[in-house]
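Working notes for the structure below.
Numbered from 1 within each chain, the chains take letters A, B, ... in sequence-line order.
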2 protein chains.
Amino acid sequence: MATLSAGTASSPHPAFDVFARGCPSRSTLEHVTGRWGALTLGALYEGTLRFNELRRRVDGVSEKMLSQTLHALERDGLVLRDARPTNPPRVDYSLTPLGRKVAERLRALISCLESGMDEVMAARERYDARESA
Amino acid sequence: MATLSAGTASSPHPAFDVFARGCPSRSTLEHVTGRWGALTLGALYEGTLRFNELRRRVDGVSEKMLSQTLHALERDGLVLRDARPTNPPRVDYSLTPLGRKVAERLRALISCLESGMDEVMAARERYDARESA
DNA sequence: CAGCATCCATATTGATACTG
DNA sequence: CAGTATCAATATGGATGCTG
């Protein structure tokens with residue numbers, strides 16, 4: 001067994017395996033956990049948002065990155081894009097059912113991390129003290 | 001409310017907030033979800049591993065990236081590094097209790113993604129057909 | 001074995017300007 | 001408003017060579 005193909009999370013022989021180099025699920029994982037993917041899904045979990053609303057809510061994204069992120073998530077079927085042919089244009093972004101499930105897991109991870117941050121900070125101090133010595 | 005500070009996952013006013021630009025938890029999230037962080041935690045979830053074992057199991061990591069990833073995770077208190085002063089040297093990596101909790105959430109996310117991949121693939125085809133038209 | 005230091009190609013990202 | 005296009009800055013990643 002060269003890669004982490006077997007023994008993964010739920011199933012011993014999943015049809016798709018994130019741990020394998022060429023698996024499509026690996027790219028999806030990257031879209032989801034990427035720098036802006038996680039924040040974008042997190043923001044949309046709270047409700048439908050328009051492009052510029054999203055931009056304001058996700059602290060630090062550039063127009064380009066948000067656009068790119070949204071395209072990737074839409075392509076993966078996690079985000080729904082609803083463009084109304086009005087003038088001025090109005091585009092609403094929301095989560096698909098699958099996107100919602102994924103966002104939930106993501107939030108579980110995030111909240112786990114947030115509540116563990118005191119421990120993380122303490123570990124960092126110990127590490128830095130030890131290394132600088 | 002300019003950022004995603006409020007209304008986050010579990011608590012309305014978390015002490016640490018991943019969504020805020022300068023929050024330390026954001027960097028931890030990046031270590032955890034980063035390209036190699038997720039795979040590394042996933043691998044260690046299955047048991048203690050030595051450096052080169054880890055390198056073989058995480059398909060595609062370079063020595064440098066694995067080293068870097070391991071340092072970041074160790075500093076954050078998620079991974080434990082146990083170096084025995086033997087010759088040849090032997091270093092065992094394992095998860096701390098916090099690391100284990102985080103890895104669990106990560107695996108939940110991953111397995112959610114893996115079981116949704118059929119849907120993802122279908123969405124991709126629809127998207128590509130639509131866009132190329 | 002377990003790594004660190006260095007160099008370099010390339011991928012990501014961010015500003016800026018422009019369009020429908 | 002909702003983006004796309006382009007260019008420059010930067011970060012990332014990998015190959016190589018060396019050490020304890």
Residue pairs involving [range] (criterion salt bridge (Lys or Arg N to Asp or Glu O under 4.0 Å); sequence neighbours excluded):
range: residues 33-44 of chain B; result: Glu30(A)-Arg35(B)
range: residues 93-105 of chain A; result: none
range: residues 66-82 of chain A; result: Glu74(A)-Arg130(B), Arg75(A)-Asp128(B), Asp76(A)-Arg124(B), Asp82(A)-Arg84(A)

Hey, can you pull the residues of residues 71-86 of chain A with a non-hydrogen atom under 4.0 angstrom from DNA chain D?
His71(A), Arg81(A)
What string of B, S and - do you get for nucleotides 13-20 of chain D, 5' to 3', if B is base contact, S is sugar-phosphate-only contact and - is no contact with any protein heavy atom under 4.0 Å?
BBB-B--B
Can you confirm whether Glu53(B) is buried at CD, in the sense that more than 12 heavy atoms of other residues, nucleotides or ligands lie under 6.0 Å from that atom?
yes
Mind calculating the distance between OH (Tyr93(A)) and P (dA2(D)) to the nearest angstrom?
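Roughly 8 Å, once rounded to whole Å.
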Measure from CZ on Arg90(A) to P on dC1(D) and round the result to the nearest Å.
12 Å
Before you tell me yes or no, could you show the steps for Leu113(A) and Val18(B) under side chain to side chain contact (heavy atoms under 4.5 Å, CB included), namely the whole-Å CA-CA distance, both residues' side-chain angles and the distance that decides it to 0.1 Å?
CA-CA 9 Å; Leu113(A) 235 42; Val18(B) 242; 5.5 Å; no
Taking side chain as C-beta onward, heavy atoms only, is Thr48(B) less than 4.5 Å from Leu44(B)?
no
Measuring only between side-chain heavy atoms, which start at C-beta, is Leu80(A) closer than 4.5 Å to Ser94(A)?
yes
Once side-chain hydrogen bond (donor to acceptor under 3.5 Å, both in side chains) is applied, do any residues pair with Asp92(A), and if so which ones, sequence neighbours excluded?
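Counting only residues at least two positions away or on another chain, Asp92(A) forms a side-chain hydrogen bond (donor to acceptor under 3.5 Å, both in side chains) with Arg90(A).
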Would you grab the first and last nucleotide of DNA chain C (5' to 3') that comes under 4.0 Å of any non-hydrogen atom in chain A?
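Boundary nucleotides touching chain A, in 5' to 3' order, are dT13(C) to dG20(C).
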Using five pairs at either end of the helix from dC1(C)-dG20(D) to dG20(C)-dC1(D), determine the angle between the two local helix axes and round it to 10 degrees.
50°
Nearest-0.5 Å distance, CG of residue Leu106(A) to CG of residue Leu109(A)
6.5 Å
Look only at the side chain of Thr96(A) and the backbone of Gly77(A), and say whether a donor-acceptor pair between them is shorter than 3.5 Å.
yes
Could you work out, with side chain to side chain contact (heavy atoms under 4.5 Å, CB included) as the rule, every residue matching Glu119(A), not counting sequence neighbours?
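Residues passing side chain to side chain contact (heavy atoms under 4.5 Å, CB included) with Glu119(A): Leu98(B).
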Mind checking what makes side chain to side chain contact (heavy atoms under 4.5 Å, CB included) contact with Asp118(B), not counting sequence neighbours?
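Side chain to side chain contact (heavy atoms under 4.5 Å, CB included) check on Asp118(B) returns Phe16(A).
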Sorted by first residue and then second, give each side chain to side chain donor-acceptor pair (under 3.5 Å) pair with at least one member in residues 60-72 of chain A; sequence neighbours left out.
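Residue pairs passing side chain to side chain donor-acceptor pair (under 3.5 Å), neighbours aside: His71(A)-Tyr127(B).
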